[in-house]
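Some notes on the structure that comes next.
Not measured: the values here are computed from a predicted model.
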Amino acid sequence: ITIDEPKPQTLDLEAIDLKLDIVYEDDDLLVINKPQGLVVHPASTVHEPTLVHGLLHQVDELSTINGIVRPGIVHRIDKDTSGLLVVAKNDQSHQFLSEELQKHAIKRQYVALVYGTFTENEGSIDAPIARHPKQRLKMAVVSGGKHAVTHFKVLERFDQYTLLSCELETGRTHQIRVHMAYIHHPVVGDPLYGPKEVIGDQGQFLHAQSLSFIHPTKKEQMTFNVDLPSNFIALLEKLRKDSAW
């Protein structure tokens, strides 16, 4: 057996001060409250500052498991989704968190405003997700796709909309957005899976509000919660007034 160990590559990404909202930080990890409109990591189609650029400015150490363009990144949330994600500062922590993610042991709870009304108070969507067969920018429920389960509970009802709490059992690309569109309740503000004429101008009303996981070294349960962004709160207040008798 011949092992060709590659030389470490230097990171040529620019560190940019994005004034990231760091909710928690220790020697092993940090928890970020990502704003809407910020891409998590660089890619060939991304030519704008990303979360990684901001991390390089604010954090001295990041794990290297995911390569030079995704240092520290254990999991992602969409560009126009806000909320919590955990970032690893060393490879041991990254490995542990990745394994926990694969075992579905990291709990992620989102708040979503969707179109339409629900008669039920809670439910689960168990539908496989894969790349859309014709529209390559989209994901879709596809027979033979990857196993995907989303659990939801109704938080508040409005005349034409519903506020949901959604918990991911799996973490497929665009999972909540795809599953909600699949049951004909697309996320408000999402032009990819909902009406092209969107409400608001900052992306879909989907927020990763709660994140819970076992700490890699302390082996303690860590739970974090963050408030909804201001534009989300403002829309809910308007809907409450419009729905009032």
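- The structure places OH of Y182 at 9.5 Å from CD1 of I125, a figure rounded to the nearest 0.5 Å.
- Here the CD1 atom belonging to I65 is positioned 9.5 Å from the CG atom belonging to L97, to the nearest 0.5 angstrom.
- A donor-acceptor contact shorter than 3.5 Å is absent between the side chain of R157 and the backbone of T117.
- A perpendicular orientation is assigned to the rings of F205 and F232, their planes being inclined by more than 60° (bins at 30° and 60°).
- Rounded to the nearest 0.5 Å, atoms CD (Q109) and SG (C166) are 8.5 Å apart.
- With respect to D17 and K19, a salt bridge is recorded, a charged nitrogen being found less than 4.0 Å from a carboxylate O.
- Counting heavy atoms from C-beta on, the side chains of L30 and L55 come closer than 4.5 Å.
- Nearest heavy-atom pair, L38 versus P49, reported as atom, atom and distance to 0.1 Å: CD1-O, 3.7 Å.
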Test log, rule side chain to side chain contact (heavy atoms under 4.5 Å, CB included), inputs L13 and V52: CA-CA 9 Å; L13 293 176; V52 165; 3.8 Å; yes
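- Checking H174, Q204, R177 one by one against Y193, the side-chain hydrogen bond (donor to acceptor under 3.5 Å, both in side chains) holds for a single residue, H174.
- Among all heavy-atom pairs drawn from K34 and G37, the shortest one is NZ-N, 4.5 Å.
- A cation-pi arrangement is found for K219 relative to F96, the charged atom lying closer than 6.0 Å to the ring centre and inside a 45° cone about the ring normal.
- Minimum heavy-atom separation, V141 to A127: CG1-CB, 3.7 Å.
- No donor-acceptor distance shorter than 3.5 angstrom exists from the side chain of S93 to the backbone of L29, with no hydrogens or angles considered.
- A salt bridge is absent between E237 and R240; no separation between the charged side-chain nitrogens and carboxylate oxygens falls under 4.0 Å.
- Side-chain atoms of V87 and V59, non-hydrogen and from C-beta on, never get closer than 4.5 Å to each other.
- Between the CZ atom in F224 and the OG atom in S210 there is a gap of 10.0 Å [rounded to 0.5 Å].
- Cluster membership check: I199 shares its hydrophobic cluster with F158, using side-chain heavy-atom separations under 4.5 Å among Ile, Leu, Val, Met, Phe, Trp and Tyr.
- A side-chain contact (heavy atoms from CB on, under 4.5 Å) with L164 is found for one member of V154, V111, L113 and no other, namely V154.
- A donor-acceptor contact closer than 3.5 angstrom is absent between the side chains of T50 and H41.
- In this structure, I77 is not a member of the same hydrophobic cluster as L84, with clusters built from ILVMFWY side-chain heavy atoms closer than 4.5 Å.
- In this structure, the side chains of K103 and L101 stay at 4.5 Å or more apart for every pair of heavy atoms.
- Atoms CZ and OG, from F152 and S165 in turn, are 11.0 Å apart once rounded to the nearest 0.5 Å.
- In this structure a side-chain-to-backbone donor-acceptor pair under 3.5 Å is present from H185 to Y115.
- The two atoms that bring G72 and L62 nearest to each other are N-CB, 4.1 Å, heavy atoms only.
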Worked check of side chain to side chain contact (heavy atoms under 4.5 Å, CB included) between H147 and I129: CA-CA 7 Å; H147 177 61; I129 292 176; over 6 Å; no
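- In the hydrophobic clustering of this structure, V149 does not group with M139; members are Ile, Leu, Val, Met, Phe, Trp, Tyr whose side-chain heavy atoms approach within less than 4.5 Å, directly or through other members.
- Nearest approach of V226 to N33, heavy atoms of both residues: CG2-OD1, 3.8 Å.
- By the 4.5 Å heavy-atom criterion applied to side chains, P128 and V142 are not counted as neighbours.
- Put simply, CD on E14 and CD1 on I16 are 4.5 Å apart, with the number rounded to the nearest 0.5 Å.
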Pair D80-Q202, side chain to side chain contact (heavy atoms under 4.5 Å, CB included): steps then yes or no: CA-CA 7 Å; D80 288 323; Q202 291 181 275; over 6 Å; no
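- A donor-acceptor contact shorter than 3.5 Å is absent between the side chain of H179 and the backbone of I176.
- Cluster membership for L235 and L228, using ILVMFWY side-chain heavy atoms within less than 4.5 angstrom, is shared.
- Tracing side-chain contacts under 4.5 Å through hydrophobic residues (I, L, V, M, F, W, Y), one never reaches L168 starting from V31; they form parts of separate clusters.
- Under the 4.5 Å side-chain criterion, counting only non-hydrogen atoms from C-beta, T217 is not in contact with Q92.
- Side-chain atoms of H207 come within 3.5 Å of backbone atoms of D227 as a donor-acceptor pair (strictly under, hydrogens ignored).
- For the 3.5 Å distance criterion, the side chains of D159 and Y161 fail to qualify, holding no donor opposite an acceptor.
- Between V39 and L51, every side-chain heavy-atom pair lies at or beyond the 4.5 Å cut-off.
- Applying the side chain to side chain donor-acceptor pair (under 3.5 Å) test to residues at least two apart or on different chains, the pairs with a partner in residues 59-75 are S63-H94, T64-D91.
- Using modelled atom types, one side-chain atom of Q58 and one backbone atom of L20 make a donor-acceptor pair closer than 3.5 Å.
- A salt bridge links E48 with K79: at least one charged nitrogen is closer than 4.0 Å to a carboxylate oxygen.
- Remark: the Q36 side chain and the N231 side chain contain an N/O donor-acceptor pair separated by less than 3.5 Å.
- In terms of modelled atom types and a separation under 3.5 Å, the side chain of E167 and the main chain of H151 share no donor-acceptor contact.
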CA sep, side-chain torsions, deciding dist, call: V114, V188, side chain to side chain contact (heavy atoms under 4.5 Å, CB included): CA-CA 5 Å; V114 301; V188 174; 5.5 Å; no
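- Checking side-chain atoms of K153 against main-chain N and O of N121 turns up no donor-acceptor pair under 3.5 Å.
- When atom types are taken as modelled, the side chain of E156 and the backbone of T162 share no donor-acceptor pair closer than 3.5 angstrom.
- With respect to the salt-bridge test (charged N to carboxylate O, under 4.0 angstrom), the residues K89 and E25 qualify.
- The shortest side-chain heavy-atom distance between I214 and I106 does not fall under the 4.5 Å cut-off.
- Residues A140 and H132 come closest through the heavy atom pair CB-CD2, 3.7 Å.
- At least one side-chain heavy atom of N90 sits less than 4.5 Å from a side-chain heavy atom of D28.
- A donor-acceptor pair under 3.5 Å is absent between the side-chain atoms of R172 and the main chain of A130, judged by distance alone.
- Side-chain contact, E169 with T150: no donor N or O sits under 3.5 Å from an acceptor N or O.
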